[in-house]
Enquirer: 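This is the structure I want to talk about, given as structure tokens.
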Protein chains: 2
Amino acid sequence: MSPRAGKRGGLLELAVLGLLHEAPMHGYELRKRLSGVLGTFHAISYGSLYPCLKDLAGRGWLIEDEATAAAAPALAGKRGRIVYRLTAEGKEHFQALVGEAGPDAWEDDRFGVRLAFFGRTEASVRLRILEGRRSRLEERLDAVRSSLARTRERLDSYTLELQQHGLESVEREVRWLDELIASEREHPSTSPSSRRGDR
Amino acid sequence: MSPRAGKRGGLLELAVLGLLHEAPMHGYELRKRLSGVLGTFHAISYGSLYPCLKDLAGRGWLIEDEATAAAAPALAGKRGRIVYRLTAEGKEHFQALVGEAGPDAWEDDRFGVRLAFFGRTEASVRLRILEGRRSRLEERLDAVRSSLARTRERLDSYTLELQQHGLESVEREVRWLDELIASEREHPSTSPSSRRGDR
DNA sequence: GTTAGCATGTAAGGAGTTACATGATTTT
DNA sequence: AAAATCATGTAACTCCTTACATGCTAAC
């Protein structure tokens with residue numbers, strides 16, 4: 001077996017493809033923008049990013065454009081910055097990834113990234129993602145509530161406080177999702193812009 | 001160099017020591033209880049747990065009690081369940097870990113586990129943990145707010161919605177922490193039981 | 001007496017990180 | 001010309017997961 005193309009199934013792949021879907025970029029800039037989609041804290045390291053880019057290129061999802069900023073041909077051997085650009089297959093693959101339904105697709109990180117790219121996602125897929133996340137959260141609520149009902153007496157007040165806060169956070173997110181879903185149903189092909197401002 | 005004792009610096013160590021601080025347990029039961037401290041979802045796998053226990057035992061923080069439930073001496077070679085019990089050094093090490101101040105100590109998971117063990121944590125350390133977490137969250141708020149101020153116009157409404165929701169969640173946690181801290185200052189050696197119920 | 005659940009482990013792999021190494025470009 | 005920061009990369013390591021292997025004990 002040819003050892004090329006090590007499996008690369010993570011968050012990073014999705015985030016990188018999504019960002020490059022918007023516009024070509026070189027790695028250094030990509031890293032800065034990644035913080036924006038993955039949460040403002042949580043920066044990705046170059047030690048992950050560059051190998052990931054190599055891998056994606058190896059699979060034909062993006063191509064490496066050796067462009068030294070201006071078109072000056074200068075010295076041939078110079079290691080200029082590499083601008084990564086999504087191929088047609090890359091765009092297809094991104095859409096496939098975003099649309100994926102597996103149970104881990106609704107975990108915190110995955111969902112967050114998917115939402116961040118809603119601007120480049122079909123309306124029907126957007127709705128499916130929002131509803132998938134919602135039902136995942138309902139599962140959590142059930143689990144926490146029943147565990148709380150079973151063990152409430154045995155818990156010290158700190159643990160109780162923690163569980164209670166967690167519960168309320170999840171409930172809050174469910175309400176938020178409900179608003180997004182409602183807004184999505186009202187004007188399916190538009191952004192939910194009208195909703196902002198009523199807080 | 002003797003290759004024994006691979007570094008074991010994670011969440012798991014802290015959680016295991018904390019649970020065994022309460023009472024001796026065997027691995028299987030430990031795993032079930034771990035979900036309680038790490039969040040009701042997110043179960044730990046045996047593939048992590050047992051090696052971790054081996055490692056902790058190797059460092060002298062806990063000892064493996066080969067007890068086959070009842071005291072029946074039965075057959076000598078039987079692989080019974082192994083009950084893990086914290087040593088004195090283990091308890092010391094747990095207190096040291098909980099009290100640690102490093103910047104990653106205030107990340108979501110770490111903070112959650114520390115809070116879950118507040119019942120076995122000194123009042124002064126509790127306060128330091130709550131305040132550490134609080135200032136970590138303030139840093140995040142600053143980062144998100146300024147990034148939002150810089151890029152607000154360029155963001156599509158979905159991304160904006162996401163950032164806004166995240167921001168509000170963090171603000172909510174800060175208010176929660178403020179209540180906990182206030183309650184901690186009022187009766188420093190007691191649990192914050194009186195606060196529950198005013199929602 | 002066989003399925004189901006209790007109980008303990010190991011080997012391989014996945015998704016990242018840190019620390020290091022190197023060189024180009026811009027600012028002071 | 002020194003310092004900062006832009007830019008790309010690699011090797012080793014961390015912490016965890018999956019998939020597998022094994023055997024005990026209780027319930028049907």
Side-chain angles (χ1 to χ4, degrees), chain A residues 1 3 5-16 25-34 38-39 41-58 64-70 72 74-84 102-104 107 109-110 113, chain B residues 1 3 5-16 25-35 38-39 41-58 64-70 72 74-75 77-84 102-104 107 109-110 113:
Chain A
M1 295 151 219
K7 206 157 277 178
R8 192 57 68 173
L11 252 205
L12 196 46
E13 176 180 322
L14 184 59
V16 165
M25 251 175 285
H26 57 270
Y28 193 87
E29 196 187 343
L30 206 43
R31 191 188 99 121
K32 283 189 297 187
R33 304 279 240 91
L34 276 169
L38 299 175
F41 29 95
H42 184 316
I44 219 77
S45 67
Y46 295 121
S48 310
L49 180 55
Y50 285 114
C52 174
L53 285 168
K54 277 273 168 72
D55 185 71
L56 293 176
E64 306 173 330
D65 251 350
E66 191 96 10
T68 322
L75 281 165
K78 296 215 300 183
R79 182 178 65 161
R81 21 146 85 172
I82 298 167
V83 174
Y84 298 90
D104 31 317
E107 290 314 305
D109 284 352
R110 310 292 188 120
V113 175
Chain B
M1 301 146 211
K7 207 157 279 178
R8 191 60 66 173
L11 253 207
L12 195 46
E13 176 180 322
L14 184 58
V16 165
M25 251 175 284
H26 58 271
Y28 194 85
E29 196 187 341
L30 206 43
R31 191 189 98 121
K32 282 190 296 187
R33 305 279 240 92
L34 276 168
S35 303
L38 299 174
F41 27 94
H42 185 317
I44 218 79
S45 67
Y46 296 121
S48 310
L49 179 56
Y50 286 114
C52 173
L53 286 168
K54 278 274 169 68
D55 186 70
L56 294 176
E64 306 172 331
D65 252 349
E66 190 96 11
T68 323
L75 283 164
K78 297 213 304 185
R79 182 178 63 162
R81 18 147 88 171
I82 299 167
V83 175
Y84 298 90
D104 31 319
E107 290 315 305
D109 284 353
R110 311 292 187 121
V113 175

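Chain naming here is simple, since letters A, B, ... match the order of the sequence lines and numbering starts at 1 in each. Keep in mind that this is a model prediction, so the values were computed, not measured.
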Enquirer: Expressed as a whole number of angstroms, how long is the span from B:Leu49:CG to D:dC15:C1'?
Expert: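 Rounding to the nearest Å, CG of B:Leu49 and C1' of D:dC15 are 14 Å apart.
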
Enquirer: Are A:Glu64 and A:Lys54 packed together at the side-chain level, in the sense that at least one heavy-atom pair is separated by less than 4.5 angstrom?
Expert: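 Result yes, sub-4.5 Å side-chain heavy-atom pair found.
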
Enquirer: Heavy-atom distance under 4.5 Å between the side chains of A:Leu11 and A:Arg110, does that happen here?
Expert: yes

Enquirer: Between atom CG in A:Leu11 and atom P in C:dT17, what is the gap in whole Å?
Expert: 10 Å

Enquirer: Just how far, in rounded Å, is P of D:dC16 from CG of B:Leu34?
Expert: 11 Å

Enquirer: OH of A:Tyr50 versus P of D:dA7: gap in Å, rounded?
Expert: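 Value for this atom pair: 8 Å.
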
Enquirer: Send over the distance from B:Arg31 CZ to C:dG5 P, rounded to a whole Å.
Expert: 14 Å

Enquirer: In whole Å, what is the span from the NZ atom of B:Lys54 to the P atom of C:dA11?
Expert: 11 Å

Enquirer: What nucleic acid atoms does A:Gly47 come within less than 4.0 Å of, heavy atoms only: base, sugar-phosphate, or nothing?
Expert: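 The answer is base, as A:Gly47 lies within the cut-off (heavy atoms under 4.0 Å) of a base atom.
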
Enquirer: Mind listing the N/O atom pairs, protein and nucleotides 3-6 of chain D, below 3.5 Å?
Expert:
unit_1: D:dC6; atom_1: OP2; unit_2: A:Tyr28; atom_2: OH; d: 2.6

Enquirer: Measure the shortest side-chain to side-chain distance between B:Tyr84 and B:Met25 over non-hydrogen atoms and say whether it is less than 4.5 angstrom.
Expert: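 Contact flag for B:Tyr84/B:Met25 side chains = no.
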
Enquirer: With a 4.5 Å limit on heavy-atom distance, are the side chains of A:Leu49 and A:Leu34 in contact?
Expert: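 Yes, close enough: below the 4.5 Å cut-off.
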
Enquirer: State, yes or no, whether a side-chain contact exists between B:His26 and B:Ile82 at a heavy-atom distance under 4.5 Å.
Expert: no

Enquirer: Would you mind reporting whether B:Ile44 and B:Leu12 have side-chain heavy atoms less than 4.5 Å apart?
Expert: yes

Enquirer: A:Arg31: what forms a salt bridge (Lys or Arg N to Asp or Glu O under 4.0 Å) with it, not counting sequence neighbours?
Expert: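 Testing A:Arg31 for salt bridge (Lys or Arg N to Asp or Glu O under 4.0 Å), a comparison that skips the adjacent residues, returns none.
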
Enquirer: Taking 4.0 Å as the cut-off, does a side-chain nitrogen or oxygen of A:Ser48 come that near to OP1 or OP2 on C:dT17?
Expert: yes

Enquirer: Which nucleotide wins on minimum distance to the side chain of A:Ile44, given the candidates C:dT8, C:dG16, C:dT18?
Expert: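 Of C:dT8, C:dG16, C:dT18, C:dG16 is nearest to the side chain of A:Ile44.
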
Enquirer: Could you check how far CD of A:Glu64 sits from P of D:dA7, rounded to whole Å?
Expert: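 That distance rounds to 16 Å.
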
Enquirer: Rounded to the Å, how far apart are A:Glu66 CD and D:dA7 C1'?
Expert: 12 Å

Enquirer: Which of these nucleotides, C:dT18, D:dT18, C:dT10, is closest to any side-chain atom of B:Pro51?
Expert: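 Closest nucleotide to the B:Pro51 side chain: C:dT10.
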
